[in-house]
Asker: 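After the structure tokens below, expect a handful of questions from me.
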Amino acid sequence: MDLNELFQRHQISLERAANAASVEARHAHLELANGYARRIQEAQTMAPQKVAPQTIAPQPVPRQPGGGGMRA
């Protein structure tokens, strides 16, 4: 199960716990949510950290003294 599925099931378990008709059902859904949370934590700990590539912003072209523009 990938992380997206784990996050989805965790969220659904929390929603079901919040809307449970009994204390027992609430407890069961919270236990499921806790299990998913542990699996998410394990997956994030074991996964290699991906670092976004650095982007280089374009640098402005320096102007020459005296305006440097074309004269008519």
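Residue indices begin at 1 and follow the sequence shown.
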Asker: Does a sphere of radius 6.0 Å around CE in Met46 hold more than 12 heavy atoms from other residues, nucleotides or ligands, not counting ones at 6.0 Å or beyond?
Answerer: no
Asker: Just how far is it from atom CG of Asp2 to atom CZ of Phe7, taken to the nearest 0.5 Å?
Answerer: 10.5 Å
Asker: State the CE-CD distance between Met1 and Gln8, to the nearest 0.5 angstrom.
Answerer: 10.0 Å
Asker: Working to the nearest 0.5 angstrom, can you tell me the gap between Leu32 CG and Ile12 CD1?
Answerer: 11.5 Å
Asker: What's the shortest heavy-atom distance between Ser22 and Ala25, and which atoms?
Answerer: OG-N, 3.1 Å
Asker: Using the side-chain contact (heavy atoms from CB on, under 4.5 Å) definition, which of the options Arg38, Gln44, Glu42 pairs with Ile40?
Answerer: Gln44
Asker: Would one find more than 12 heavy atoms of other residues, nucleotides or ligands at under 6.0 Å from atom CZ of Arg26?
Answerer: yes
Asker: Answer yes or no: is there a side-chain heavy-atom contact under 4.5 Å between Asn34 and Glu31?
Answerer: yes
Asker: Nearest 0.5 Å, please: how far is CD in Gln41 from CG in Leu6?
Answerer: 12.0 Å
Asker: For the CD atom of Glu24 and the NE2 atom of His29, what is their distance to the nearest 0.5 Å?
Answerer: 11.5 Å
